[in-house]
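Below, chains carry the letters A, B, ... as their sequence lines are ordered, and counting in each starts from 1.
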Number of protein chains: 2
Amino acid sequence: MELDHRKIRILQAIIDDYILTAAPVGSRTISKRADFNLSSATIRNEMSDLEELGYLEQPHTSAGRVPSNKAYRFYVNRIMQRAQLSEHERKAIRSYFIERMDQVESLVRQTASALSDITRYTAIVLPPQLGTVRIKHVQVVPLSGDKALLVLVTDTGFIRDVLLRVPEDMSAYDLERFSNRINDALFDMRLDQVAVEAILHISEEMGSQRAFFLNIMEALERHIQESTKKVELSGATNILYYPEYSDVSKAKGFLAALEGSDTLYQLLKKASTLEFSITIGEENEPKQLKDCSVITATYRIGSEPMGSLGIIGPTRMHYSRVLSILEYMQLSLSEALAGLLEQDKLE
Amino acid sequence: MELDHRKIRILQAIIDDYILTAAPVGSRTISKRADFNLSSATIRNEMSDLEELGYLEQPHTSAGRVPSNKAYRFYVNRIMQRAQLSEHERKAIRSYFIERMDQVESLVRQTASALSDITRYTAIVLPPQLGTVRIKHVQVVPLSGDKALLVLVTDTGFIRDVLLRVPEDMSAYDLERFSNRINDALFDMRLDQVAVEAILHISEEMGSQRAFFLNIMEALERHIQESTKKVELSGATNILYYPEYSDVSKAKGFLAALEGSDTLYQLLKKASTLEFSITIGEENEPKQLKDCSVITATYRIGSEPMGSLGIIGPTRMHYSRVLSILEYMQLSLSEALAGLLEQDKLE
DNA sequence: CATTAGCACTCTTAGGCATTGAGTGCTAAC
DNA sequence: GTTAGCACTCAATGCCTAAGAGTGCTAATG
């Protein structure tokens, strides 16, 4: 049996109500609504059908009904309209980006906290996967003792620094020359190419400092890799606002699932090929999130996918709203990243 | 009436038990303990005295007794012995510092997460207040457009970067010369002196680029100030493991109190003149923490106090253990900071 | 023939009440 | 000074009932 129009409307009404209240929805609740001119009995018959079809579930006889994950899936795929953000909301979102930021990292952090503040769910942001970014400046700065700092600046204003140990036989003068050579060699190189043949190529010209050079490159690469895996998490405790998690032990379970930050990295990485992705309940990979839904979006610099951002919340999530917020956020973030150096655009 | 030896022993037994179980302690519980050869009745008499003196409280007649804040205070001041950390525990703490770190910021973060992991309480760390740190290297790195990055490296390996807008009439060559001049001018200067007369002094020599220079200094100062106020918080949700907060609404209240990060800054700042500080219950300044105890310690670089680190937990906290852990942590952190460039010491 | 009124039935929830048990305080005996 | 004994208190537990929300079915209705 296919769902006819009336069934769809009823299903939607049930989902809407349940998202709001988290309580099983009864037939009378629906029939009372102004836009339904049906008695509760009729609704009951329809609901009974919907249950048989797998869209509704009863916690027990004589409770109301609760939407199944199948219902959410149907809602997301077929019913849902993108929610319209109010001017006020859009302003609120922008205001998070107005404060001047100097680094991608803090931008990512701000995005995460904006997302969680606005949605009241838990937000995660995968920082830019900087493969395509270009090196703008490299410098080795001598510190006290035999230590030095490698400072790396990219064209997006991204800055990294790696602590190095300088070989004993290198003078300050040597180091400076060495620094200049590296700078010349790596200038304008894409980060994901630093790793490959380019290095071998360059390293041949390095002569006696070859070992030191390779050392640096290795440290640099490890460092870059690590930093791009650090998923920014915000508002994890928002979950406490939802009655689904009023049981502390459940809340603990949820929070524990977020703890292993690699979990979240996998989650976002996987979703980062799609413009948007919505996974509901058991569809979620880390099985501990089987009572949640996850919505993610991908952000870009130019046309290049750079990372993704997402929301984790109860399955009765406000899908359309979250999606709109993510969409707007994705845009804001992409713009902010692209024009990191021309922030005024956003004003 | 002064507390005699037996009363003290009984009080300690009650506190110990309560810290463990979070349940009111009855007279029989104490009299059963092998090291007491007293009947429950005797214990009851003593407990009754202790209650009269304000060291114990009864939630209601015929529950057991619960230590008052006065009891914790007494315990901390008079009874408590520093707990001995096992070799295993010390190793665990060290292991957090072994992983190579390149920045003070990540060190601070690691410290916070180590503290919360190990104690199972909520940890806070005030990053180094870098007044006494010296500038090692300053460089202005041109980026695309009219933007540039000011990179600042201190002798502790601390690195900051600030985004700048370059005046239109400055060529790349000008910028480089300018960069060198700033570097020469600020080299080896203490951060807290960057702000004062030194600047005025220098700025006079800057000629036409004076406005730009003052601009930079202002941005730098604001930036440094902001970053030193960012208290690192970790394990906030550990609170969920304690039955005191098994009521979700209480947990929410606690978490909300931590949210205003300025709260925590004030807390740590205030405590940072003392080697150790323990505040119990109502003694705590942000009134929302009146059901908690806060223990803080100050860490140094050399003999200079740099910042502080602390633990927030229920008043029935494992004081002696936490204190020992903080002490060891403080040491490890001080060492790691001082020898940031000679990490091997820690191995 | 779809819709609906009516009614019996189910199951949760909340309140009331007695019971239990942990714990106290007091007194009298050791 | 210590302790055994006992009456007393009070939260927690379990049980029962009543109320209420909701269902499913049947028979009547337009």
Side-chain angles (χ1 to χ4, degrees), chain A residues 1-11 13-15 17-18 20-68 71 243-244 246-247, chain B residues 1-11 13-15 17-18 20-68 71 243-244 246-247:
Chain A
M1 195 206 303
E2 244 320 292
L3 294 190
D4 59 28
H5 181 62
R6 195 171 73 178
K7 281 200 174 55
I8 292 178
R9 276 189 63 213
I10 292 175
L11 183 56
I14 293 172
I15 292 176
D17 194 85
Y18 188 69
L20 226 62
T21 63
V25 184
S27 53
R28 233 175 77 83
T29 315
I30 302 301
S31 83
K32 266 187 311 194
R33 284 177 53 146
D35 48 344
F36 283 99
N37 252 337
L38 296 171
S39 76
S40 64
T42 312
I43 305 285
R44 272 205 292 285
N45 290 332
E46 296 286 40
M47 282 166 100
S48 166
D49 288 352
L50 283 168
E51 182 171 0
E52 206 171 323
L53 291 166
Y55 292 101
L56 295 178
E57 284 163 3
Q58 274 184 303
H60 52 267
T61 351
S62 97
R65 261 120 171 158
V66 163
S68 68
E244 283 90 334
S246 66
D247 178 2
Chain B
M1 194 205 303
E2 245 319 294
L3 293 190
D4 59 28
H5 180 63
R6 196 171 73 177
K7 280 198 175 54
I8 292 177
R9 276 189 65 211
I10 291 175
L11 183 57
I14 293 172
I15 293 176
D17 194 85
Y18 188 69
L20 226 61
T21 64
V25 184
S27 53
R28 233 176 75 84
T29 314
I30 301 301
S31 84
K32 267 187 311 196
R33 284 177 52 148
D35 47 344
F36 284 97
N37 251 338
L38 299 171
S39 75
S40 66
T42 313
I43 305 285
R44 272 204 294 286
N45 291 331
E46 295 286 40
M47 281 166 101
S48 167
D49 289 351
L50 283 168
E51 184 172 359
E52 206 170 326
L53 291 166
Y55 292 101
L56 294 179
E57 285 163 3
Q58 272 185 303
H60 51 268
T61 354
S62 99
R65 262 123 173 158
V66 164
S68 68
E244 282 90 335
S246 67
D247 178 2

Notebook entry, point to check: Would one find a side-chain N or O of B:S40 under 4.0 angstrom from OP1 or OP2 of D:dT3?
Noted result: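 Result: no.
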Checklist line | Distance below 4.0 Å between B:T42 side-chain N/O and D:dT3 OP1 or OP2 | finding: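 For D:dT3, OP1 or OP2 has a side-chain N or O of B:T42 closer than 4.0 Å.
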Of the listed nucleotides [options], the one nearest the side chain of [X]:
{"X": "B:R44", "options": "D:dG24, C:dT3, D:dG5", "result": "D:dG5"}
{"X": "B:A41", "options": "D:dA21, D:dA4, C:dG25", "result": "D:dA4"}
{"X": "A:S62", "options": "C:dC11, D:dA11, C:dG25", "result": "C:dC11"}
{"X": "B:S39", "options": "D:dA4, C:dG25, C:dA22", "result": "D:dA4"}

Checklist line | Donor-acceptor pair under 3.5 Å, B:T61 side chain vs D:dT9 base | finding: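 No pair found.
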[X] has an atom [atom1]; how far is it from atom [atom2] of [N], in whole Å?
{"X": "B:R65", "N": "C:dG23", "atom1": "CZ", "atom2": "P", "answer": "12 Å"}
{"X": "B:E51", "N": "C:dG25", "atom1": "CD", "atom2": "C1'", "answer": "11 Å"}
{"X": "A:I10", "N": "C:dA2", "atom1": "CD1", "atom2": "C1'", "answer": "13 Å"}

Next item on the list: Report yes or no: do B:S48 and B:R44 form a side-chain donor-acceptor pair below 3.5 Å?
Entry: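 Checked: B:S48/B:R44 side chains show no N/O donor-acceptor pair below 3.5 Å.
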Notebook entry, point to check: Just checking B:R28: base, sugar-phosphate only, or nothing, at a heavy-atom cut-off of under 4.0 Å?
Noted result: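 Since no nucleic acid heavy atom lies under 4.0 Å of B:R28, the category is nothing.
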